[in-house]
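To start, the structure itself, in structure tokens.
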Amino acid sequence: MRRGTRRRGPARAHRRRNISPHMAKTAVLTPQNRDFPRWYQDVLAKAELAENGPVRGTIVIRPYGYAIWERMQSEIDQRIKSLGVANAYFPLFIPQSYFEKEAEHVEGFAPELAVVTIGGGKKLEEPVVVRPTSETVINSYFAKWIQGHRDLPLLVNQWANVVRWELRPRLFLRGTEFLWQEGHTAHVSEADARAFALRVLDEVYRDFMVEVMAVPVLCGRKTTRERFAGAETTWTCEGMMRDGKALQMGTSHELGQNFSRPFDISFLDEDGGQSYAWQTSWGASTRLMGALVMAQGDDAGLRLPPRLAPVQVVVVVARGEGQVSEGAQSVAGALRSAGMRVEIDGRVESSFGRRVVDWELKGVPVRVEMGPRDLERGEAVLARRQRGSKETVPLDGLVPAVHHALEETQTAMLQEATAFRADHTHEADSVDEAIEACAEGFATLPLSALGADGEDRVNAAGVSVRCLLGADGGPPEIDTPEAGLVAILGRAY
RNA sequence: CGGGGAGUAGCGCAGCCUGGCAGCGCACCUGCUUUGGGAGCAGGAGGCCGCGGGUUCAAAUCCCGCCUCCCCGACCA
């Protein structure tokens with residue numbers, strides 16, 4: 001069974017060939033429904049996305065994987081900047097004492113800190129921590145930069161690597177070192193900080209995940225137990241993977257005055273009084289790469305939504321005869337002129353089938369195949385990765401046809417993922433029913449039905465409360481009574 | 001840390017029990033034939049068998065010690 005794959009829409013093609021992309025004689029990958037974790041590992045390796053580094057928990061992101069990450073960075077970065085946030089950079093090394101200033105924060109991170117005790121061959125006076133997150137250093141500078149209310153809001157983001165000594169690493173999902181973006185802001189009031197944290201959640205993360213990654217996400221509030229160490233409130237975007245498990249894809253925290261007090265981020269307000277700033281922090285990481293693979297991949301490999309794909313169209317020279325190569329060049333040129341990201345595969349010394357399988361593994365959304373026969377007829381074959389279809393298109397109509405295929409693919413991928421999530425979400429009335437439903441996917445449960453010991457009970461069963469939603473299915477208003485909230489439960493990565 | 005496995009070519013593995021030339025598949029190199037859904041044939045390169053010690057005429061194999069990695073549980077983007 002090809003889970004979640006749907007064929008839809010009428011054939012626009014002159015002729016539609018009945019060739020499925022899953023025709024390889026021997027399975028290219030372990031099928032998803034046989035062993036999902038194995039399938040995931042296979043995709044990372046065969047699509048040349050990433051592999052393990054030499055130190056446990058470290059990752060080597062290969063060029064193709066990094067190209068996808070760069071696309072993610074670019075899309076996220078422009079959304080961050082549109083909120084008026086500027087990029088900056090703070091040090092990798094943080095004095096250990098900084099970590100001890102906020103009680104919950106220390107407690108939350110102490111077990112997973114990497115600490116440098118020797119530098120230049122000498123024992124250090126004060127050990128330095130390799131940043132697991134940068135609240136402490138950044139806020140120590142915010143304290144210097146913020147004097148009066150006119151200095152606020154202060155909105156800063158950095159792209160960086162961070163280190164957390166994880167016990168059980170998994171490529172992209174949980175690593176000792178990973179890449180991310182972390183935003184840090186300071187505001188004059190609690191309401192301003194809250195509004196900003198929610199804007200980031202919606203306008204940066206949800207918008208990117210839904211509109212670019214084509215992954216529907218549930219945006220809600222974390223329970224006290226699940227919230228970030230040092231935060232007052234943690235907001236999250238939760239996605240469903242194709243094995244029904246949940247993945248936290250991005251978070252936005254309201255820090256209250258938890259850091260501004262110990263780091264003395266204070267300012268003179270309009271009335272001349274001394275106030276502590278209200279803060280937020282928020283991040284999304286290379287975990288998104290894992291989410292992409294697990295939410296959009298199928299048994300033939302990765303599937304990239306066109307808006308994210310570093311290569312949107314690959315023009316495959318089927319056979320190196322006659323003027324085919326020139327024809328492919330000309331087609332590629334026309335597609336590029338129309339603004340598409342295009343690559344030519346002219347490696348005719350490799351077999352056609354081999355190359356096609358490679359591009360399917362890499363998830364390129366549209367493949368244009370050209371051989372002598374097509375050239376003679378003035379045609380090309382347009383293959384869509386998302387639904388595994390092929391159609392023949394006249395060369396003079398190819399650019400609009402490819403453009404249309406990309407647009408349709410983007411829409412279809414989001415629809416498919418949304419339908420999959422709906423099919424794997426169960427509305428439960430009791431804790432036991434919810435736990436059972438989580439074997440297949442998510443369960444919704446009125447918070448009132450979860451009860452006081454409900455979170456303990458589900459956790460004991462390997463299930464967690466992913467987030468709390470308001471009546472409209474979005475992040476709950478802060479003053480919504482608990483009785484009006486819905487808990488989303490699932491097994492998580 | 002608790003429990004379970006594994007270290008042999010780039011990757012995946014066999015060989016070990018019963019000591020006797022270092023093997024297989026994939027990948028790689030060369031040549032020819034191929035190329036419209038993972039090509040075929042022929043030839044070739046590639047090894048501190050995790051490390052250290054011991055037994056033995058002889059150790060990947062038996063014995064002792066050490067190291068590392070992976071998987072399952074408690075934390076996390």
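Please read these numbers as outputs of a predicted model, since none were measured by experiment.
- Look at CD on A:E112: it is 16 Å from C1' on B:rC1, rounded to the nearest Å.
- A:R56 has a side-chain polar atom (N or O) that falls below the 4.0 Å cut-off from OP1 or OP2 of B:rC70.
- Comparing the C1' positions of B:rC70 and B:rG50 gives a spacing of 14 Å, expressed to the nearest Å.
- B:rU30 and B:rC69 have their C1' atoms separated by 37 Å, given to the nearest Å.
- Taking a pair to require two hydrogen-bonding distances under 3.5 Å in either a Watson-Crick or a G-U wobble arrangement, B:rG31 pairs with B:rC41.
- Considering A:E343, A:E391, A:E360 in turn, A:E360 is the only one that fulfils the salt bridge (Lys or Arg N to Asp or Glu O under 4.0 Å) rule with A:R367.
- Nucleotides B:rA22 and B:rA14 are separated by 12 Å at their C1' atoms, to the nearest Å.
- Counting non-hydrogen atoms under 4.0 angstrom, A:G283 reaches nothing in the nucleic acid.
- Taking only side-chain nitrogens and oxygens, A:R319 comes nearer than 4.0 Å to OP1 or OP2 of B:rU35.
- Atom P of B:rC11 sits at a distance of 28 Å from the matching atom of B:rC1, rounded to the whole Å.
- Nucleotide B:rG36 forms a pair with no other nucleotide shown, judged by Watson-Crick or G-U wobble geometry with both contacts under 3.5 Å.
- With the nearest nucleotide of RNA chain B identified for both A:R170 and A:F352, A:F352 has the one nearer the 5' end.
- Heavy atoms of A:S350 sit under 4.0 angstrom from at least one base atom.
- Listed nucleotides: B:rG36, B:rG37, B:rC76. Nearest to the side chain of A:P372: B:rG36.
- Base pairing of B:rG46: no nucleotide in any strand meets the Watson-Crick or G-U wobble criterion (both distances under 3.5 Å).
- Under the Watson-Crick and G-U wobble criteria, each requiring two contacts below 3.5 Å, nucleotide B:rA6 is paired to B:rU68.
- No engagement by A:G320 is indicated, since no non-hydrogen atom pair under 4.0 Å with the nucleic acid exists.
- One P atom belongs to B:rG12, the other to B:rC76, and the distance between them is 32 Å to the nearest Å.
- As rounded to whole Å, 11 Å separates atom P of B:rU34 from atom CD of A:E321.
- In this structure, a donor-acceptor pair under 3.5 Å is present between the side chains of A:Y493 and A:D243.
- Judged by Watson-Crick or G-U wobble contacts below 3.5 Å, the nucleotide B:rC21 has no partner.
- Regarding contacts with the backbone of B:rC71, every side-chain N or O of A:R168 stays at 4.0 angstrom or more from both OP1 and OP2.
- B:rC71 and B:rG52 have their P atoms separated by 27 Å, with the value rounded to a whole Å.
- In this structure, A:Q41 and A:L179 both approach RNA chain B, and ranking their closest nucleotides by distance from the 5' end singles out A:Q41.
- Going from atom CD of A:E166 over to atom P of B:rG73 covers 15 Å, rounded to whole Å.
- The CG atom of A:N459 sits 14 Å away from the C1' atom of B:rC76 (whole-angstrom rounding).
- At distances below 3.5 Å, at least one donor-acceptor pair connects side-chain atoms of A:R355 with backbone N or O atoms of A:V317.
- Judged by the 6.0 Å and 45° rule, A:K362 forms a cation-pi pair with A:Y64.
- Summarising the geometry, the separation between CZ on A:R347 and P on B:rG36 is reported as 14 Å, rounded to the nearest angstrom.
- Between A:F196 and A:W282, the ring planes lie tilted relative to each other; the angle falls in the 30° to 60° range.
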Quiz prompt | Worked check of salt bridge (charged side-chain N to carboxylate O under 4.0 Å, His left out) between A:R79 and A:E203 | solution = CA-CA 7 Å; A:R79 284 169 175 75; A:E203 296 174 39; over 6 Å; no

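- Geometrically, A:K101 does not engage A:F99 in a cation-pi contact defined by less than 6.0 Å to the ring centre and at most 45° from the axis.
- Close to B:rG37, at under 4.0 Å from its OP1 or OP2, lies no side-chain N or O of A:R354.
- What separates CZ of A:R174 from C1' of B:rG73 is a distance of 12 Å, to the nearest Å.
- In this structure B:rA60 sits in no base pair that meets the Watson-Crick or G-U test at under 3.5 Å.
- Taking the C1' atom of each, B:rG37 and B:rA60 are spaced 42 Å apart, rounded to whole Å.
- Rounded to whole Å, the P atom of B:rG47 lies 15 Å from the corresponding atom of B:rU8.
- In this entry the distance linking CZ of A:F178 with C1' of B:rC76 reads 8 Å, nearest Å.
- In this structure, B:rA74 makes no Watson-Crick or G-U wobble pair, since no nucleotide meets both defining distances under 3.5 angstrom.
- Atom NZ of A:K46 is separated from atom C1' of B:rG10 by 15 Å (rounded to the nearest Å).
- No hydrogens or angles were tested; on distance alone, nothing pairs the side chain of A:R355 with the base of B:rG36 as donor and acceptor under 3.5 Å.
- Between the side chains of A:Q279 and A:N139, a donor-acceptor pair is found at a separation under 3.5 Å.
- Among B:rG36, B:rA77, B:rG37, the nucleotide with an atom closest to any side-chain atom of A:R287 is B:rA77.
- One cannot find a donor-acceptor pair under 3.5 Å joining the base of B:rG36 and the side-chain atoms of A:K390.
- Regarding contacts with the backbone of B:rU35, every side-chain N or O of A:S351 stays at 4.0 angstrom or more from both OP1 and OP2.
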